[in-house]
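Encoded as structure tokens, the structure appears first; notes follow it.
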Amino acid sequence: MINGLKKWRLLTLMAALVFFLAGCGREEISTLIPAGGVAQDQFNLLILSSVVMLFVIIVVTIIYVLAIMKFRRSKLGDEMIPEQVEGSAKLEFLWTAVPIVLIIIIAIPTVYQTFDLADTRTMDVQAEDGSMTNLTVNVTAKLYWWEFEYPEQGIVTAQELVVPTNQRVYFNVVSADVKHSFWIPSIGGKIDANPENTNTFYLTFDQESSELEDGVFYGKCAELCGPSHALMDFKVKTMNEEDFDAWVTAMQEEEPAPAEGDLAQQGEELFGGDGLGCIACHAVSGVGKGNTMQGPNVAAFGDRNRVAGILEHDEENLKNWIADPQKFKPGNLMPDPKTLNDGKELSEQELDALAAYLMGLKVEE
């Protein structure tokens with residue numbers, strides 16, 4: 001008996017902890033701390049639904065408690081038979097009408113927000129000079145990384161989405177292989193990336209990511225897509241329009257800045273066609289079209305927040321990733337470096353050189 005009570009106490013304590021911990025979150029990845037207009041609208045719908053459900057729970061609980069208190073056998077005796085209300089038109093109407101009203105209260109704003117989010121009629125509106133008035137980003141999901149093309153600007157990047165604040169950003173989302181799902185929890189959205197068709201929607205970004213602890217918002221794949229689904233992350237940098245324009249200008253440079261230092265220059269030679277041939281899969285210039293390379297564009301690799309989307313951004317992690325990519329993301333398509341190096345492991349010198357070169361690929365000041 002005592003052991004049973006202890007178990008119930010432990011269960012109650014754990015339930016209480018879950019209740020309080022549910023309120024915890026980090027603003028760069030929490031849906032409960034919206035940082036964009038779409039996220040705020042979705043959060044408001046969440047609050048509305050929760051209030052309606054709480055109302056139902058409270059009403060049902062009150063009726064339940066009153067019934068127990070009023071019709072106790074010890075109070076009314078065994079012979080007492082409560083008034084029979086079967087077939088009551090008033091009660092039938094009441095418990096039919098109330099749920100309908102509650103559903104309508106939830107349905108109207110939900111349907112409105114759903115159609116509003118899918119409204120992309122202003123996506124292709126042009127200014128007087130022929131340029132697009134809104135930013136459009138083509139998102140391509142691949143096993144297990146993300147590519148971001150800016151068709152109007154003529155640039156491509158990967159793993160880090162860079163966008164301006166305080167304006168609508170439209171997205172064309174598609175998959176290059178299996179089904180994925182594009183989601184930035186703090187900003188809103190979550191939309192399927194299908195190989196058969198393109199899904200289009202928009203998001204707004206209200207807060208500059210430089211104010212965050214990690215300097216970025218977190219994006220996720222929200223559709224089970226393979227053994228490294230949980231590791232298919234991307235990051236989002238949001239900045240004011242002036243800084244964004246400067247970033248675009250830097251990305252539009254045809255060729256990256258020359259490698260600095262002997263070690264980085266050795267890495268550049270290894271990366272090129274006369275070395276390991278990494279350049280066959282990875283572009284080093286931000287200029288171009290999306291969905292043409294087998295591997296992520298590394299034009300701004302040195303500015304990224306993570307290596308492979310998941311590892312701390314430092315040379316040691318980068319070398320570990322190059323040496324054994326399957327260890328960190330099982331099932332990814334990056335080849336074993338031995339297949340590119342005549343069957344030999346990369347030496348520490350070669351790994352140092354590649355890391356120095358890639359870390360030097362920067363476009364941000």
Side-chain angles (χ1 to χ4, degrees), residues 139-149 156-160 174-180 193 195 221 223-235 256 259 263-361:
V139 179
T140 304
K142 303 183 180 184
L143 294 170
Y144 295 95
W145 58 281
W146 299 85
E147 181 177 81
F148 305 107
E149 178 192 6
V156 180
T157 186
Q159 293 296 80
E160 282 198 353
V174 70
S175 170
D177 35 60
V178 300
K179 188 171 184 177
H180 302 278
C221 175
E223 181 77 31
L224 183 61
C225 55
S228 289
H229 156 69
L231 306 174
M232 190 173 168
D233 294 0
F234 64 94
K235 307 298 179 288
L263 193 61
Q265 290 174 4
Q266 293 173 28
E268 184 176 19
E269 293 176 4
L270 275 171
F271 196 88
D274 295 332
L276 298 174
C278 307
I279 196 70
C281 294
H282 301 276
V284 294
S285 170
V287 178
K289 292 185 176 181
N291 209 14
T292 60
M293 303 299 290
Q294 294 182 3
N297 186 303
V298 295
F301 188 89
D303 297 322
R304 290 185 188 170
N305 180 269
R306 290 288 189 276
V307 173
I310 54 173
L311 304 173
E312 291 293 331
H313 194 257
D314 57 48
E315 290 194 7
E316 192 62 33
N317 280 323
L318 176 54
K319 291 192 296 182
N320 292 337
W321 164 255
I322 295 172
D324 190 0
Q326 295 301 322
K327 175 181 177 182
F328 299 97
K329 274 190 178 180
N332 80 86
L333 302 182
M334 186 167 172
D336 187 324
K338 289 188 292 187
T339 63
L340 308 174
N341 196 36
D342 298 325
K344 298 179 294 184
E345 299 277 0
L346 292 176
S347 67
E348 192 67 25
Q349 173 72 14
E350 290 172 323
L351 289 172
D352 286 338
L354 285 169
Y357 170 64
L358 290 171
M359 285 296 188
L361 293 174

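Counting begins at 1 with the first residue of the sequence.
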Looking at M232 and C225, what are the two nearest heavy atoms and their distance?
-> SD-SG, 3.9 Å
Salt bridge (Lys or Arg N to Asp or Glu O under 4.0 Å) contacts touching residues 328-342 (sequence neighbours left out) | K338-E345
Sub-3.5 Å donor-acceptor pair from the side chain of D177 to the main-chain atoms of L143, do we have one?
-> yes
Listing, residues 273-286 side-chain donor-acceptor contacts under 3.5 Å, not counting sequence neighbours, or none:
from, atom 1, to, atom 2, distance (Å)
H282, ND1, P296, O, 2.9
S285, OG, E254, O, 2.8
S285, OG, V287, N, 3.2

Where do L318 and M359 land on the side chain to side chain contact (heavy atoms under 4.5 Å, CB included) test, with the steps shown first?
-> CA-CA 9 Å; L318 176 54; M359 285 296 188; 4.2 Å; yes
Counting distance only, does the side-chain N/O of Q326 pair as donor-acceptor with the main-chain N or O of G331 below 3.5 Å?
-> yes
Of all the heavy-atom pairs spanning P337 and A323, show the shortest one and how long it is.
-> CG-O, 3.5 Å
Distance (rounded to the nearest 0.5 Å) between N320 CG and F328 CZ = 4.5 Å
For H229 and E223, indicate whether the former's side chain and the latter's backbone hold a donor-acceptor pair under 3.5 Å.
-> yes
Can you name the one residue among D324, D352, D314 that meets salt bridge (charged side-chain N to carboxylate O under 4.0 Å, His left out) with K319?
-> D352
Shortest non-hydrogen contact from V156 toward E149 = CG2-CG, 4.0 Å
Considering all heavy atoms, the nearest N305-H313 contact = O-CB, 3.4 Å
Spacing of CH2 belonging to W321 relative to CG belonging to L354, to within rounding of 0.5 Å | 14.0 Å
Do any N or O atoms from the side chain of K179 and from the backbone of P195 form a donor-acceptor pair under 3.5 angstrom?
-> no
Heavy-atom closest pair, residues Y357 and A259 | CD1-CB, 4.1 Å
Looking only at heavy atoms, what is the nearest atom pair of G309 and K235, with distance?
-> O-NZ, 2.7 Å
Euclidean distance, Q159 CD relative to W146 CH2, rounded to 0.5 Å | 9.5 Å
Could you tell me whether the side chain of S175 and the main chain of V178 form a donor-acceptor pair under 3.5 Å?
-> yes
Ignoring hydrogens and angles, tell me if any N or O in the side chain of S228 forms a donor-acceptor pair with the backbone of P330 under 3.5 Å.
-> yes
